[in-house]
Every structure is written in C-alpha cells, then in structure tokens.
Amino acid sequence: MNTKVTPSKEVLAEAARQHAILSEGTAGIYPEKGVHGKDGLFDKLVKSLMENRPLRIKLGMDPTAPDIHIGHTVALNAMRKFQDLGHIVLPLIGNYTALIGDPSGRNSTRPPLTEEQIMQNAETYKEQIFKVIQNDPAKCKLMWNGDWLKELSFADTIKLCAQVSVAQLIAKEDFGNRLANQTPISLHEFLYPLMQGYDSIAMFEREGCDIEFGGTDQTFNCLMGRQLMQARGIEPQIVMTFPLLEGLDGVMKMSKSKGNYIGVTENPTDMFGKTMSIPDSLLDRWYSLLTTIPAAERPSHPMEAKKKLAHFITARFHGETAADEAKAAFESRFSKREMPTDLPELSLPQEAFATLTDLVVAANFATSKSEARRLIEQGGVKLNGEQSKDPTAPVKLPTPFTLQVGKLKLAKVSLTA
RNA sequence: GGAGGGAUACCUAAGCGGCCAACGGGGGCUGACUGUAAAUCAGCUGGUUUUACCUUCGUAGGUUCGAAUCCUACUCCCUCCA
C-alpha cells in the first residue's frame, strides 16, 4: 500500500527526538507497531518530516458544561508540545455531538441539553482552551462538528452505519455493562462513536487529520475514526490516549457532571483551596499528570507537597503573583485560622436581624429556616468570631459585623439604610 | 402484539396497615481533632409559628378510626417472547 521511500538518518534522528518528547505521559499509542519499527506516531513524524508538512492533531471536546477542568489540560498540554514542535492543532468543539452526549463511562442516558446552552458553553470553551494552547492561526485551527454533521443526510448516515457491526458496539464496555445491568441504551447513543469517527473524515478533508487525542475512555471512539477512515480509503489517523485524572474525591475520574473538578477559570483562591482538599493518596498521580516537577523535588510532607502542587496549578492559570497570594491567604486563613481581610459585603433590612435564624437565611447561607437552625445548633455559626448556639436570639450587634457559617461562608453584614 | 417485573427523599436501597418524616450505604453539611478544605471520630441531612402541626413514598381515586404499605384506573420504565 505504501510506496515507501527510505528516510534519511537525519529524518530518523529528528523523528526520534520529537517522538521522545511527545510520547511522554501518554497512556497508549495506536497502532502500537508501525512500519519504521516503532509505533504509529513515529511513522507520522517521519512522514511529516519527509513531506515537510506539519501534523494535524484533533482533540474533540463536547461543550456539555460551562467549564473545562484541569483534567482536560493533560491532553491540552500535550497539544501544546506538538505546537511547540511546529505542528498544527485542531481543537474540535462538539457542538453537534453534545446534543447526544457521549455514552462513554456512563451507565445511563445523558439528559439532553438545549442548543442555546451548548452554544453558550462552547463560547467559554474557546477562551479556556487557549489558556493552555497557543491561539496562533498558523498553529491552531478551531473547528465545530456541527458544520458537517448537520449536513449529513439519512442516506449518508446509513452508509456510515454499514461500516460497523452491532457486535462491535456491544463489545464496548459501557454498552456491555449497561446491557448486563438492564440499563436502557437508546439507539442514538450507538451513533455517537460513528459521529466522532465521521468528524475525523470531515476534518481530514478540510485540514487533514493525522492524530486524534483522547482520554483512555475515548480509545474505542477514537479507533472508530481509524476504522471509518480506512473504509473510506483515506489514510487513517493514529490515536494517542492520555490517563484520566482522578477528581477531588480521589476515586472517580474528574468530571464535569460529577462536580469533583477544578475548572480552569476558577479564581486562584478556589483553585488553591480545592487542590489542598484532595486526599493524600492522590498526590503522586496529580504531580505526574499535571506538573513538570520531578519526583526528587516533591516535598515528602503531604501538606507541603500539596501546597507546592496547588501553587503550581494556580500559577499556570493565573500567574506566579496570584498563586503566591492564594497560598498566603490559605495559610493565614486555615493554618493560622485568621479571618480573611476582604469579606464580601452584605446589607440586609432591619427585619433580617429579628433572630439569628433569620439572619442566616437572609444572608443566603441556608436555604430554609430549619437548615439555618441546624447549623446554629451544631455550632457552625459565628458572629464577630463568637460562636452562638441560640437560633432564636435576636441579633443586636452594632453593624457592620462579620457573620461566618461553616468554614467557607463569610460576610460583612450591615444594615440597609 | 403477548407475558412478567418495577416506580420510595440528592443517588442507592429497605419498609409491605398504626412504633414512618420513613433502616442501611453513598454523597453533602456541621463540629472535634490535626499536618490542609487530607485522614480519623461524632452529629446532622423535608418544611413551619418546632415538646405540636403541615407536605412528602409515580399520578388520580377508593377501602379503613388509620395507608409508602390493601383495592381500582392511569402514566412511565425495564426484561423476555413475537
């Protein structure tokens, strides 16, 4: 199939150099065996060098939530490395596939989003991914899969379906599990991998598509792209997968829908604080997937290690200064237990001060009076730093005073004129 | 089209006439302690005018002194067969 021209020594050496940089931190590269004795990535690099044509790297993201999180940055970071070596990245916003929802890793059908929600999310995605990859038109072309998926006719779709067997889809773990657990699978979910695969074809025709990136949970979907490209008679992409980052709870993978994530747009304080809240057992993992800090430079004390990690992550998205400030604020607040200096201000009408319960509800720190009462009785409420356990006591402090509920909810309260 | 099974609070899952605002687990929240918002331990986790009352166990009716629990109809979901 390939009329192979033997690559020169220089080409092989350069390909090897790039290969070493680019394959670091990946979970898998498919195909594992290439024609030049290494893997598919090596082949693509050789080809790129010989034809003097940069590689095009696809990374699809469905805008199903307003934020991307630091788990995504594992792959984005790898894209950045490709850019730095002169290749072109093609971030793909799945504005059409988001309508279906990727069934990967799910055990139930995803609730549908409206088109407006999706477009809103997509807009913020655009800004966010450029915190990691370079938004240089020569090195980056943003694409939308609605551009071509919308145009597909039913006949096209059937043709596509004919390339894939049902057995193959059922063999996919998620579907297999769901069948076994008697959880429903909607037919349209079967189509998801086909859509993702078709993206690769459409992108190939427009810009080229040499490599597709994805988390390890995306392996099946990405390989579907290879299969469909082959069936169409075009050169198939190779697939590079990346390990999934565990979320704040330390068990489940970091995921927008599970809420255990750190968004790349979050403010420095939260970013630092959330990192500090990960379980100790997650430290090594986060260090290796999110930082470039060598093992030798990681503090052995868990808290120090966590602070260094939190600082690194915060600095990446907000700069050194902001990270320093976040660290200092964290230390004063939690290590030395001082009150933060910049409290949000809150002015409330006279009737909010009738009882402590009313105050907590009026400040929006509890959703019902019963909840407020519970918090107070449990000792979670402080006025000017003084714990108060009587829910019915009127609040007679001179304003402004500080109201604290739990560790995180604080405000400086004053009376509305 | 036929035959079964199911629907309980954020999730999961017990309860099968009064002791049920409803066991347990998960998650979340609060506190203690600390090395941090980690770990561990303890408490809380429908609402209100809070020793009481109100609303909640798919929906609508019914039986009963009394129903999440029994009956009827309906809706939705799952499995198998066709």
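Below, each value reflects all heavy atoms present in this structure, side chains not excepted, and no hydrogens, waters or symmetry copies. Labels below follow one simple rule: chain letters A, B, ... track the order of the sequence lines, proteins then strands, and each chain is numbered from 1.
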Next item on the list: Could you check whether A:Pro279 gets within reach of a base, just the sugar-phosphate, or nothing at all, counting any heavy atom under 4.0 Å?
Entry: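 The answer is sugar-phosphate, as A:Pro279 gets under 4.0 Å only of primed atoms, P, OP1 or OP2.
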Practice problem: Under 4.0 Å between any heavy atoms, over every strand shown, what does A:Ser370 touch: base, sugar-phosphate, or nothing? Just pick one. | Solution: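 A:Ser370: base contact, heavy atoms under 4.0 Å.
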State whether the number of non-hydrogen atoms from other residues, nucleotides or ligands found under 6.0 Å of A:Glu386 atom CD is greater than 12.
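Incorrect, the count does not exceed 12.
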Original post:
Within a radius of less than 6.0 Å around CG of A:Asp270, do more than 12 heavy atoms belonging to other residues, nucleotides or ligands occur?
Top reply: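 Atom CG in A:Asp270 is packed in, count exceeds 12.
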4.5 Å side-chain heavy-atom contact, [X] and [Y]:
X: A:Leu149; Y: A:Asp199; value: yes
X: A:Thr241; Y: A:Gln218; value: no
X: A:Lys141; Y: A:Arg206; value: no
X: A:Val381; Y: A:Ser388; value: no

Send over the distance from [X] [atom1] to [N] [atom2], rounded to a whole Å.
X: A:Ile278; N: B:G35; atom1: CD1; atom2: C1'; answer: 14 Å
X: A:His301; N: B:A39; atom1: NE2; atom2: P; answer: 16 Å
X: A:Lys369; N: B:G46; atom1: NZ; atom2: P; answer: 19 Å
X: A:Leu282; N: B:A37; atom1: CG; atom2: P; answer: 18 Å
X: A:Phe272; N: B:A37; atom1: CZ; atom2: C1'; answer: 11 Å
X: A:Asp280; N: B:A37; atom1: CG; atom2: P; answer: 12 Å
X: A:Trp286; N: B:A38; atom1: CH2; atom2: C1'; answer: 13 Å
X: A:Asp270; N: B:U36; atom1: CG; atom2: C1'; answer: 15 Å

Please state the [atom1] separation for the pair [N] and [M] - nearest whole angstrom.
N: B:U8; M: B:C53; atom1: P; value: 29 Å
N: B:C19; M: B:A68; atom1: P; value: 10 Å
N: B:C23; M: B:A9; atom1: P; value: 13 Å
N: B:C81; M: B:A21; atom1: P; value: 45 Å
N: B:C65; M: B:G5; atom1: P; value: 31 Å
N: B:G28; M: B:G17; atom1: C1'; value: 34 Å
N: B:G66; M: B:C20; atom1: C1'; value: 13 Å
N: B:U51; M: B:A42; atom1: C1'; value: 25 Å

Let me spell it out: for each of A:Thr269 and A:Ser368, pick the nucleotide of RNA chain B with the closest heavy atom. Which residue's pick is nearer the 5' end?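 Its nearest nucleotide lies further toward 5', so the answer is A:Thr269.
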query = Taking a pair as Watson-Crick (N1 to N3 plus N6-O4 or O6-N4) or G-U wobble (N1-O2 and O6-N3), both under 3.5 Å, which stems of 3 or more consecutive pairs involve RNA chain B?
reply =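 Runs of three or more consecutive pairs: B:1-7 with B:75-81, B:10-12 with B:24-26, B:27-32 with B:40-45, B:46-48 with B:52-54, B:58-62 with B:70-74.
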Output yes when a side-chain donor or acceptor of A:Gln83 lies under 3.5 Å from a complementary backbone atom of A:Gln134, and no otherwise.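 Present.
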query: Donor-acceptor pair, A:Gln227 side chain versus A:Gln163 backbone, under 3.5 Å?
result: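 Side chain of A:Gln227 to backbone of A:Gln163, a donor-acceptor pair under 3.5 Å: yes, one is there.
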message: Angle between ring planes, A:Phe401 versus A:Phe353, binned at 30° and 60°: parallel, tilted or perpendicular?
response: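 Rings of A:Phe401 and A:Phe353: perpendicular, as their planes differ by over 60°.
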Quiz item: What is the ring orientation for A:Tyr261 with A:His69, classed by angle as parallel under 30°, tilted 30 to 60°, or perpendicular over 60°?
Solution: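 Tilted: the ring planes of A:Tyr261 and A:His69 meet at 30° to 60°.
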Item to complete: Report the residue from A:Thr26, A:Asp39, A:Ile57, A:Leu59 that forms a side-chain contact (heavy atoms from CB on, under 4.5 Å) with A:Met240.
Response: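 Result: among A:Thr26, A:Asp39, A:Ile57, A:Leu59, A:Thr26 is the only option passing the side-chain contact (heavy atoms from CB on, under 4.5 Å) with A:Met240.
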Sub-3.5 Å pairs of nitrogen or oxygen atoms, protein against nucleotides 53-57 of chain B:
none

Between N or O atoms, less than 3.5 Å apart, protein on one side and nucleotides 21-31 of chain B on the other: list the pairs.
residue, atom, partner, partner atom, Å
B:U30, O2', A:Gln378, O, 3.1

Under 3.5 Å, side-chain donor or acceptor atoms of residues 297-305 of chain A against the rest of the protein: list the pairs with distances, not counting sequence neighbours.
residue, atom, partner, partner atom, Å
A:Arg298, NE, A:Ile293, O, 3.4
A:Arg298, NH2, A:Ile293, O, 3.2
A:His301, ND1, A:Met303, N, 3.0

Could you identify which residues of residues 303-324 of chain A place a heavy atom less than 4.0 Å from some atom of RNA chain B, listed by residue number, or say none?
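Listed by number, they are A:Met303, A:Lys306.
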Under a plain distance cut-off of 3.5 Å, with no hydrogens placed, do A:Glu116 and A:Gln120 share a side-chain donor-acceptor pair?
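No, no side-chain donor-acceptor pair sits under 3.5 Å.
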- Item | Donor-acceptor pair between A:Asp324 and A:Thr321 side chains, under 3.5 angstrom |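 No, no side-chain donor-acceptor pair sits under 3.5 Å.
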Ring pair (Phe, Tyr, Trp, His ring centres under 6.0 Å) against A:Phe213, all qualifying residues, sequence neighbours excluded:
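Scan of A:Phe213 (ring pair (Phe, Tyr, Trp, His ring centres under 6.0 Å), adjacent residues dropped) gives A:Phe82, A:Phe242.
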